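All remarks here apply to the structure that follows.
Since the model is a prediction, treat every value here as computed from it, not as a measurement. Scope of the values below: all heavy atoms of this structure, side chains included, with no hydrogens, waters or symmetry mates. When a ligand or atom number is given, it counts from 1 through the structure's own listing order.
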Amino acid sequence: MRASDIIYRKREGEALRREEIEFFISGYAAGQVPDYQAAALAMAVFFRGMTAEETVWLTEAMMRTGEVLDFADLDGPKADKHSTGGVGDKTSLILAPLAAACGVYVPMISGRGLGHTGGTLDKLESIPGFRVGLSLEEFRRVLRRSKLGLIGQTPEIAPADRKLYALRDVTSTVESRPLIAASIMSKKMAEGIDALVLDVKTGDGAFMKAFEDSKALAEAMLAIGKGMGRKVVALITDMDQPLGRTAGNALEVVECVETLKGRGPKDLESLSIELAAWMLQLTGVTTRIEAARFKVREALSSGAGLRKFQEVIELQGGDPRVCDDPGTLPRARERVDVPAPHDGRVARLGCRALGHAAMLLGAGRERVESRIDPAVGIVFHKKVGDLVIAGEPVMTLHVNDRSRLAEARELCLGALKVAPEAPSPAPLIKAVLEA
Ligand code: URA
């Protein structure tokens with residue numbers, strides 16, 4: 001077999017065989033297939049696509065270039081959630097402790113964020129002392145103790161994807177549905193989970209802006225999950241305005257703690273409950289989704305979810321006092337309000353621009369090597385549909401470095417539309433797709 005023949009066949013629009021995909025991907029991971037051939041194949045896939053079968057084989061091949069965790073020794077079901085990401089999307093820090101408190105093991109391996117605000121790891125790292133870089137052995141120990149572990153991508157998990165994703169980033173081949181689906185699923189399927197809940201965002205602040213594109217990506221990932229014998233469900237959820245009331249790492253941790261205390265914003269609380277409920281339902285902890293929702297709500301109102309979060313923070317070296325005293329988290333030096341230009345209702349909170357503004361303040365990364373400031377970000381006092389009076393703060397920017405403040409504030413002003421009438425609120429969960 002030759003890599004160039006495989007590239008040729010894909011370029012001509014043919015479907016590849018399983019052995020060809022395995023040969024190419026294992027060779028790429030081992031350094032026998034060079035970057036330029038992998039880039040050529042990625043571009044051929046970008047234009048020619050892949051069948052559902054090829055996409056499953058690609059996922060399996062990438063997964064098998066690394067360690068596939070086996071938690072068969074754990075005495076319960078294992079599940080995780082993946083989100084395609086958006087502004088203020090912090091549900092992981094809420095649903096993971098809730099699901100664990102309800103009896104599901106959650107071995108969560110997350111990424112860092114690029115653009116927008118930080119990823120789950122960046123949020124966790126704003127907690128003083130919290131270690132996301134546990135070895136796989138430490139991860140197992142934490143998981144066994146508390147049913148929950150939260151770590152970063154390790155070099156042992158799907159190394160072919162790590163290499164290929166970096167290559168796609170610089171060869172304009174990221175936006176290919178089979179490549180995205182296989183990339184996400186190769187990492188999640190390596191976690192040794194029985195079930196996966198996908199939160200596929202749609203709208204202005206999402207990776208996929210159009211509902212149909214988000215649905216097609218969700219379907220591709222569902223087909224992979226099914227092809228690999230896992231239980232998977234996908235929720236397509238709104239990202240036309242930020243989720244919850246904050247964007248920025250430490251600010252989001254405070255909001256998650258508040259939500260686990262039953263004092264969170266309704267949109268964030270209800271989506272976190274729904275995603276956690278599906279983790280219970282798919283793993284057979286409950287037989288009906290209504291029962292799963294009830295159980296998760298109980299874990300929230302009893303404080304069991306909060307205690308679980310506190311426990312995992314402590315086990316991973318973090319300061320659990322963040323759950324009692326937000327003052328233990330980093331705080332920005334300055335607050336700058338963005339006022340309503342006139343009376344009316346908030347008709348738009350342009351999510352993409354607000355994510356960009358948060359990034360300019362230092363809450364997200366412009367480049368892979370950029371450093372995040374955990375303290376900064378944006379607090380949203382109003383959501384779409386809320387009444388405002390002229391001059392009232394709609395948002396507050398939490399600022400340390402003023403160098404890009406003017407630009408960030410301009411973006412926020414441009415993202416805000418106040419009108420006599422607001423559009424009727426979009427449903428937060430737009431569709432639930434089962435495999
Ligand atoms: N996230 C991933 O992990 N991979 C992609 O290809 C796109 C988003």
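- The main-chain N or O of T51 is found under 3.5 Å from a side-chain atom of E54 such that the two form a donor-acceptor pair.
- The side-chain tip of K201 does not point at the ring of F207 from less than 6.0 angstrom away and within 45° of straight on.
- The protein heavy-atom contact nearest to atom 1 (N) of ligand 1 is Y165 OH, 3.4 Å.
- The single protein non-hydrogen atom nearest to atom 3 (O) of ligand 1 is K187 NZ, 2.5 Å, given as residue, atom name and distance.
- For the atom pair F139 CZ and F71 CZ, the distance stands at 5.0 Å (nearest 0.5 Å).
- Annotation for ligand 1: atoms under 4.0 Å from non-hydrogen atoms of I184 are 1 (N), 2 (C), 3 (O).
- Remark: D199 does not engage K81 in a salt bridge, criterion side-chain N to carboxylate O under 4.0 Å.
- Of the possible polar contacts, one joining the R245 side chain to the H381 backbone as a donor-acceptor pair under 3.5 Å is found.
- Closest protein heavy atom to atom 4 (N) of ligand 1: S183 OG, 2.6 Å.
- Not a single heavy atom of V174 sits under 4.0 Å from any atom of ligand 1.
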